[in-house]
Amino acid sequence: MRHIISILMENEAGALSRVAGLFSARGYNIESLTVAPTEDASLSRLTLVTRGSDEIIEQIIKQLNKLVDVVKLLDLTEGPHIERELMLIKVMAESPLQREEIKRLADIFRGNIIDVNEVCYTIELTGDVQKLDAFIDTLKQADILETVRSGITGIARGPKSLNL
Amino acid sequence: MELTGADILVRFLQDEGVDHLFGYPGGAVLHIYDALYRQEQVKHVLVRHEQAATHAADAYARSTGKPGVVLVTSGPGATNAVTGIATAYMDSIPMVVITGQVNSALIGNDAFQEVDSVGITRPCVKHNFLVKDVRDLAITMKKAFYIATTGRPGPVVVDIPKDVTAERTDYVFPKKVTMRSYNPVVKGHGGQIRKAVNMMLSAKRPLFYTGGGVVQGNAAKGLTELAHRLGFPVTNTSMGLGGFPATDQQFVGMLGMHGTYEANMSVSHCDLLIAIGARFDDRVTGKIEKFAPSARIIHVDIDPASISKNVKVDVPIVGDVNTVLKVMVKELEQSERKPDGEALASWWQQIEEWRARDCLKYDTTSERIKPQYVIETLHKVTKGDAYVTSDVGQHQMWAAQFYKFDKPRRWINSGGLGTMGFGLPAAMGVQFAHPKATVACITGEGSIQMNIQELSTCLQYNLPLKIICLNNGFLGMVRQWQEFFYEERYSHSYMESLPDFVKLAEAYGHIGMQIERPEDVEGALKEAFKHKDRLVFMNFLTDPKENVYPMVPAGAGLDEMILI
């Protein structure tokens, strides 16, 4: 099963490497990992996507909780939640026909073209994994020059929140 | 009052109540050593290799319950300490290791004697710190001691750049520290404890399986009381020996790969397994699917991550083992129910049948010295009251099987990491902690050579250790596996050109003895222990063909033992 684990950590040097080190040392897999400070500068919020059986996920959560820098964590996939990923994608757009088609597709997916020049467009798109994958599939005809994805971040629905 | 970082560090150690510091100087810690020179309260022990400093501090902690403290320099000082840090980590030993670091401005520059100590030690510490500002030094040290000694204990490394030890700031001893991200659980869940006690009272074939958590958690008394009230059999892991008196009739011996027949058969047939402060290690469980197949399992442990890690348990209880055991005893007192006497009687009858198999018997008529006999005689001569450290291998298992430990913190061995070279420096740490106690190091000719240089430290501090070297001319445990599982291809398990250990001991200023015949064993041991103020190195030439029995081959179930 795929799990999204949200972690509040002390914003200290090396905190991220403790998480990454734990996963490699114990042979757990990380599908994606995002990290940034929160509104409280002393805290970092880390969102980690992993896969494993119930037993493995239980161990992962226990081992993460054991890290001294981890203040609190939440398995978002245990309840209703929202997940989002940001993608920047650069595609060839030279002929008027190409430019028109890509613009149209971006609009359908509610993406924004954020950089334009005579040879290519850069599109910014936000959504869950499926939506971003679907957009890439749709662009198959076009020449994709570069794709960059932020990794999943997420938040629980309703008043439930991960804070101190 | 403004002090330098070095003085703050030493003042902190004094205020924290540290009496011994095991270490080795070097460039990055010179300011600290200068501060040490100007005081007498913290006694520094100069070892001959940093690994020995960590083992000594580790054993100091194992034998007292107080944290061991180490000071080493940057680079090779830190890397030499890593084996000892990992050893302490695997066995959950409270230890604070201070490593010097190059000047802050040089970090990352591949400076002389620079390594990323925090990075290298990260996977084998409970936590570690790099102190970047002298104003953080005292509070970081306080956190280090707090983390090392609370919850599931473990080693903590504090890396201090040299410039931080030279800078000045005000010093106030931080009496207390709280951390929002670290709050170890103490009390167990009341409902779970009640449930566990009810299961104990209904059990027909119960068994206590207890580990290092009972020893480290000061819970031996609580365990003994609970076990006596219930009348249940008790087995210990290697780390747990001494947690329940080995000479008690309810003790069925150690379990696992070299456990007794009665212990392993009890595990295989019990209907309730009560695991306390133990972690279902692979050397204990054998093939996991065959481990306690008909049992419901209660597991008490301070570390939630240890519970249901290898074996799924029915009643998990997270908490301090001693606290939980006390509540269990109270629950039992208040309960109107009694254990099932009839079922227990027939369970004990079965266990006694297994015990009658006498699985630890060995040839007592041999003309060669049997290692088991040396340990049995050591137990007799020391009246079972010595602190015994061991190295790793066959001798370690024989010591565990044949020295009957009745008290906790008396058996000091590297159970988790299995570190050869542990025994001698560990014995030093124990002797520093208990200057008047009898301390014996049981070792082999392989292990002892991994830290033999510490004989020099022993002379400097006049440590009257007794070294029992079971010299069979082989790396015995390797040889045993090669005999059993590699068709007797003894690949590199034999060492030629062993030193003359008697002369070696004498060269280091100690007494050396060589014992070659069984009839000389007892007399030699008695003579050695008469030397109250001298280290005696006893080189016992033992039977090279002797194996450790019983043995559960790797990957087999506990009831599939090789017996003699």
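Naming convention: chains lettered A, B, ... in sequence-line order (proteins, then strands); numbering from 1 in each chain. Quick caveat, the model's predicted, so the values are computed rather than measured.
- With a 6.0 Å radius and a threshold of 12 heavy atoms from other residues, nucleotides or ligands, Arg296(B) has its CZ atom at or below the threshold.
- Contacts from residues 77-100 of chain A to chain B, taken as heavy-atom pairs separated by less than 4.5 Å, involve no residues at all.
- The side-chain heavy atoms of Leu67(A) and His127(B), taken from C-beta on, include no pair separated by under 4.5 Å.
- For Arg135(B), the CZ atom is loosely surrounded, since the number of other residues' heavy atoms within 6.0 Å does not exceed 12.
- Of the two parts of Leu164(A), only the side chain, counted from C-beta on, holds a non-hydrogen atom closer than 4.5 Å to a non-hydrogen atom of chain B.
- Top candidate by heavy-atom pairs under 4.5 Å with chain B, chosen from Glu10(A), Glu12(A), Gln63(A), is Glu10(A).
- When atom types are taken as modelled, the side chain of Gln59(A) and the backbone of Ala305(B) share a donor-acceptor pair closer than 3.5 angstrom.
- In this structure, Ser181(B) contributes its side chain and Val68(A) its backbone to a donor-acceptor pair below 3.5 Å.
- Lys287(B) NZ: 12 or fewer foreign heavy atoms inside a 6.0 Å radius.
- For NZ of Lys103(A), the number of neighbouring non-hydrogen atoms (other residues, nucleotides, ligands) closer than 6.0 Å is 12 at most.
- Considering only heavy atoms from C-beta on, Glu58(A) comes within 4.5 Å of Ser308(B) through its side chain.
- The parts of Arg180(B) that come within reach of chain A are both its backbone and its side chain, each placing non-hydrogen atoms under 4.5 angstrom from that chain.
- Annotation: residues 29-50 of chain A contacts chain B through Asp40(A), Ser42(A), Leu43(A) [non-hydrogen atoms, separation under 4.5 Å].
- Side-chain N or O atoms of Lys66(A) include none that pairs as donor or acceptor with a backbone N or O of Lys126(B) at under 3.5 Å.
- In the displayed structure, Leu162(A) atom CG is contacted under 6.0 Å by more than 12 heavy atoms of other residues, nucleotides or ligands.
- For residues 116-130 of chain A, an interface with chain B (any heavy-atom pair closer than 4.5 Å) does not exist.
- In terms of heavy-atom pairs under 4.5 angstrom with chain A, the leader among Leu130(B), Ile147(B), Asp303(B) is Asp303(B).
- For the pair Asn128(B)/Arg18(A), a side-chain contact is recorded, criterion being any heavy-atom separation below 4.5 Å from C-beta on.
- Neither the backbone nor the side chain of Lys143(B) comes within less than 4.5 Å of any heavy atom in chain A.
- Looking at residues two or more places apart in sequence or on another chain, you find a side chain to side chain donor-acceptor pair (under 3.5 Å) between Lys66(B) and Asp19(B), Tyr60(B).
- Enclosure of atom NZ in Lys132(B) is not indicated, since only 12 or fewer non-hydrogen atoms of other residues, nucleotides or ligands lie within 6.0 angstrom.
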